[in-house]
Amino acid sequence: LVLEKKISQAINLIKQNIGKDNTNFFEAYLLLTLDSLKKNDFNQAKIYLSNTMKFADQDRFNSVILESLNQYIFVFKEKKILENKKDFGNLSLISETFQSCYLNDSKTETLFSNLINNYDQIDYTRYIYFYLSYLIENQKFEKARKTVENIEYLNSTLLLSQGKSWIENNDLKKFNEIFSCKNHNDIIAEFLFLISNLYSSQGYLERSNFFLNLSKFLNPKFTFNISLEIENYYQNADYKKVKKLLYNFRRENIFYHWYRIKKETQIIAKTENKDTSLDYLVKEYKKIKNPNIKILFDVANFYKNSKKYNEAINYYTRIIKTLNDDQKIKSDLLYRRGASYERAGEHEKSDKDLMHSLKINPDDAYVLNYLSYSWLERNYKIDKAIEMLEIAYEAESNDPYIIDSLGWAYYLTKDYLKAEKLLKRAVELMPDDPIVNDHYGDILWKLNRKVQARYFWRNVLQMEEAEKELLNKIDIKIIEGLQS
């Protein structure tokens, strides 16, 4: 019933059968606890939660969920933060921040600052949005505006981009329309969303949707969280449900509406073809007045992925013209445009962009790899290419593309033993990549392991991603081998 969004019906059914074996399970008491919270009955919520504790060890997240809810209920009931509580690391940091926000404690800003600047293990940029919401709810408008000045659309999350847009357009009321730190239901809903996200990240999509629906039960206003449910159903190829959920995102919230267009485009690509999907995206894009730079970036990427490199270059150029060299994101844009130039056969322009990208960000292993490999393919500056690839490999020694590039560089310089070691590892990491299999076949041939070489070349013939030009070369190699 919860997965079908019939939560009130599920709660009534549990209440009718309370005390019976068929309601004696974790989810039943959790629903009763949340129902009591929604009705502001903290005493009853505490009672139901106590009954749930016996199920704490049934799932690795159960004890975390129950202990966290216990801490929240204490805050709501006693109007103070529980002392001597269990520490769940990053999750506890998030919980304490929201609890302080609920109490309007003076430490709230410091806690938000600690949270959003803690990038050691997890990206907490989502909570910048809630910090902005807190500032606006407390009428600290200038501080909110100052905060978004340092946020770039191009590398911001969907939620944060939408929030930045509201502030820039002075549409501040939108924040409190969907979330308030002073509303205990909103806070628990965000906690449940976090649990849903954890389950989703580990592939437990049904469990994720269960907690997401509970989150929506407590705070139905926060429709943006539906994007997680959309991604869960998209992973399961349930495109009918995805399309239905996408209707929640209207034009007035431009970034979520654009997310809807992108997801519909992806579905068309899966169910029809890439050309039709790109046509749909461009048609919808043209309906947008004054499209944001983030939307231009997405259009450029769709063109690039569809191998429409000249169109991609045009859009990347429009964005690059707005950026300064002190903006690190410009390095990524130059990389993308440089790669598009390379695919379009304009090597001089490609080299210029990629070198400019490295000038801004000299340690970017992926740009080093791309530029070096393009040189290897042209038999150009081989020694310098190897030098750059060794730097890239030192930084990203487990990246299969970099491993393949360095192995191929050694192949071209006839260091076949070093090449074989690296290319073998690349094949192990990317067994379905046609280029890697082709390269490994070549090195095996040079080491006089010709039967094995033909085995890997034949593998390429079965791969859908192999381009026609490569397949033609493979056909010749299988028959004639490599010519000296």
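This is a predicted model, so every value here is computed, not measured. Positions are given from 1 along the sequence.
Side-chain atoms of Ser350 do not come within 3.5 Å of backbone N or O of Ala339 as any donor-acceptor pair. The backbone N or O of Leu192 sits nowhere less than 3.5 Å from a side-chain atom of Ser196 that would complete a donor-acceptor pair. Although no hydrogens or angles enter the test, the distance criterion places no donor-acceptor pair under 3.5 Å between the side chain of Asn70 and the main chain of Leu66. Checking side-chain atoms of Asn169 against main-chain N and O of Ser165 turns up a donor-acceptor pair under 3.5 Å. A donor-acceptor distance shorter than 3.5 angstrom exists from the side chain of Asn292 to the backbone of Lys294, with no hydrogens or angles considered. Looking only at distances, a side-chain donor or acceptor of Thr317 sits under 3.5 Å from a matching main-chain atom of Ile313. With Asn248 contributing its side chain and Leu245 its backbone, the two residues share a donor-acceptor pair below 3.5 Å. Side chain of Thr108 to backbone of Ser100: a donor-acceptor contact under 3.5 angstrom is found. Under a 3.5 Å cut-off, the side chain of Asn324 and the backbone N or O of Asp326 do not form any donor-acceptor pair. Between the side chain of Asp186 and the backbone N or O of Ser180 there is at least one donor-acceptor pair closer than 3.5 Å.
Between Asn225 and Leu228, every side-chain heavy-atom pair lies at or beyond the 4.5 Å cut-off. At least one side-chain heavy atom of Arg126 sits under 4.5 Å from a side-chain heavy atom of Phe193. When side chains are defined from C-beta on, Ile178 does not count as touching Thr223, because their heavy atoms never get closer than 4.5 Å. In this structure, Arg145 and Asn170 have side chains that are in contact, with non-hydrogen atoms separated by less than 4.5 Å. Put simply, the side chain of Val75 does not reach to within 4.5 Å of the side chain of Leu82, judged on heavy atoms. Contact of the Ile167 side chain with the Phe175 side chain is registered, since non-hydrogen atoms from C-beta on lie closer than 4.5 Å. Taking the side chain as every heavy atom from C-beta outward, Asp275 and Leu278 never approach each other to under 4.5 Å. No side-chain heavy atom of Asn209 sits under 4.5 Å from any side-chain heavy atom of Glu206.
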Q: Using the salt bridge (charged side-chain N to carboxylate O under 4.0 Å, His left out) rule, take Asp332 and Arg336 through it: C-alpha gap first, then chi angles, then the decisive distance, then the call.
A: CA-CA 6 Å; Asp332 181 60; Arg336 291 170 185 270; 2.8 Å; yes

Q: Just do the side-chain contact (heavy atoms from CB on, under 4.5 Å) check on Glu465 and Asp432 with the steps written out, would you?
A: CA-CA 9 Å; Glu465 293 184 10; Asp432 298 321; over 6 Å; no

Q) side-chain contact (heavy atoms from CB on, under 4.5 Å) between Trp166 and Leu172: does it pass, once the steps are laid out? A) CA-CA 6 Å; Trp166 286 340; Leu172 305 181; 5.8 Å; no

Q: May I have the step-by-step check of side-chain contact (heavy atoms from CB on, under 4.5 Å) for Phe191 and Ile65, ending in yes or no?
A: CA-CA 9 Å; Phe191 168 73; Ile65 293 166; 4.3 Å; yes

(Q) Run the salt bridge (charged side-chain N to carboxylate O under 4.0 Å, His left out) test on Arg250 and Glu252 for me, step by step, so that the C-alpha distance in whole Å, both residues' side-chain angles and the decisive distance to 0.1 Å come before the verdict. (A) CA-CA 6 Å; Arg250 308 295 184 184; Glu252 59 264 26; 5.8 Å; no

(Q) If you apply the rule salt bridge (charged side-chain N to carboxylate O under 4.0 Å, His left out), what do you find for Arg251 with Glu284, and how did you get there? (A) CA-CA 11 Å; Arg251 288 188 184 276; Glu284 293 298 321; 3.7 Å; yes

Q | Check against salt bridge (charged side-chain N to carboxylate O under 4.0 Å, His left out), Glu229 and Lys5 | A | CA-CA 12 Å; Glu229 187 177 9; Lys5 301 180 175 62; 2.7 Å; yes

Q: For side-chain contact (heavy atoms from CB on, under 4.5 Å), just list the numbers for Asp353 and Tyr316, CA-CA rounded to whole Å, side-chain angles, deciding distance to a tenth of an Å, and then say yes or no.
A: CA-CA 11 Å; Asp353 270 357; Tyr316 287 134; over 6 Å; no

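We find that Glu467 and Lys307 are joined by a salt bridge, their nearest charged nitrogen and carboxylate oxygen being less than 4.0 Å apart. Contact check on Lys283 versus Asp279 returns no salt bridge, with no Lys/Arg side-chain nitrogen under 4.0 Å from an Asp/Glu carboxylate oxygen. Salt bridge status for Glu152 with Lys164: absent, with no side-chain N to carboxylate O gap under 4.0 Å.
Counted within 6.0 Å of NZ on Lys174, heavy atoms from surrounding residues, nucleotides or ligands total more than 12; the atom is thus considered enclosed. Around NZ of Lys54, the count of heavy atoms belonging to other residues, nucleotides or ligands within 6.0 Å exceeds 12. Heavy atoms of other residues, nucleotides or ligands lying less than 6.0 angstrom from OH of Tyr204 number 12 at most. For Lys243, the NZ atom sits in a loose shell: 12 or fewer heavy atoms of surrounding residues, nucleotides or ligands are nearer than 6.0 Å. Heavy atoms from other residues, nucleotides or ligands lying under 6.0 Å from NZ of Lys424 number 12 at most.
The two residues Val460 and Asp438 make their nearest non-hydrogen contact at CG2-N, 3.9 Å. When all heavy atoms of Ala344 and Tyr309 are compared, the closest pair comes out as CB-CB, 4.1 Å. Pairing each heavy atom of Phe217 with each of Ser8, the nearest pair is CE1-OG, 4.1 Å. Thr125 and Thr157 make their closest contact through OG1-CG2, 3.5 Å (heavy atoms, listed as atom of the first residue, atom of the second, distance). Here the shortest heavy-atom pairing between Asp325 and Ile360 reads O-CG2, 3.6 Å. Taking every heavy atom of both residues into account, Asp238 and Lys241 meet most closely at OD2-CD, 3.1 Å.
Under the 30°/60° scheme for interplanar angles, the aromatic rings of Phe98 and Tyr127 are found to stand perpendicular. In this structure, Phe76 and Tyr102 have perpendicular ring planes: the angle between them is above 60°, well past the 30° mark. Note: Tyr131 and Phe112 have tilted aromatic rings, judged against thresholds of 30 and 60 degrees for the angle between ring planes. Aromatic ring pairs are classed by plane angle as parallel below 30°, tilted from 30° to 60° and perpendicular above 60°; the pair Tyr285 and Trp258 is perpendicular. Using the six-membered ring where Trp is involved, Phe249 and Tyr256 have ring planes that are tilted, between 30° and 60° apart.
Side chains of Ser200 and Asn232: a donor on one and an acceptor on the other come within 3.5 Å.
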Quick one: side chains of residues 394-405, donor-acceptor pairs under 3.5 Å with protein atoms, not counting sequence neighbours, listed by atom name and distance.
{"from": "Glu396", "atom 1": "OE1", "to": "Tyr366", "atom 2": "OH", "distance (Å)": "3.4"}
{"from": "Asn398", "atom 1": "OD1", "to": "Arg425", "atom 2": "NH2", "distance (Å)": "2.5"}
{"from": "Asp399", "atom 1": "OD1", "to": "Tyr401", "atom 2": "N", "distance (Å)": "3.0"}
{"from": "Asp399", "atom 1": "OD1", "to": "Ile402", "atom 2": "N", "distance (Å)": "3.0"}
{"from": "Asp404", "atom 1": "OD1", "to": "His439", "atom 2": "ND1", "distance (Å)": "2.9"}
{"from": "Asp404", "atom 1": "OD2", "to": "His439", "atom 2": "ND1", "distance (Å)": "3.3"}
{"from": "Ser405", "atom 1": "OG", "to": "Asn369", "atom 2": "OD1", "distance (Å)": "2.6"}
{"from": "Ser405", "atom 1": "OG", "to": "Tyr401", "atom 2": "O", "distance (Å)": "3.0"}

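In this structure, Lys304 NZ and Arg343 CZ are separated by 9.0 Å, a value rounded to the nearest 0.5 Å.
With a 6.0 Å cutoff to the six-membered ring centre and a 45° limit on the axis angle, Lys263 counts as a cation-pi contact of Tyr234.
Between Phe255 and Tyr153, a ring centre-to-centre spacing shorter than 6.0 Å is recorded.
Scored by the salt bridge (Lys or Arg N to Asp or Glu O under 4.0 Å) test, Lys173 finds Asp171 as partners (sequence neighbours excluded). Among residues two or more places apart in sequence or in another chain, the side-chain hydrogen bond (donor to acceptor under 3.5 Å, both in side chains) test is passed with Lys38 by none.
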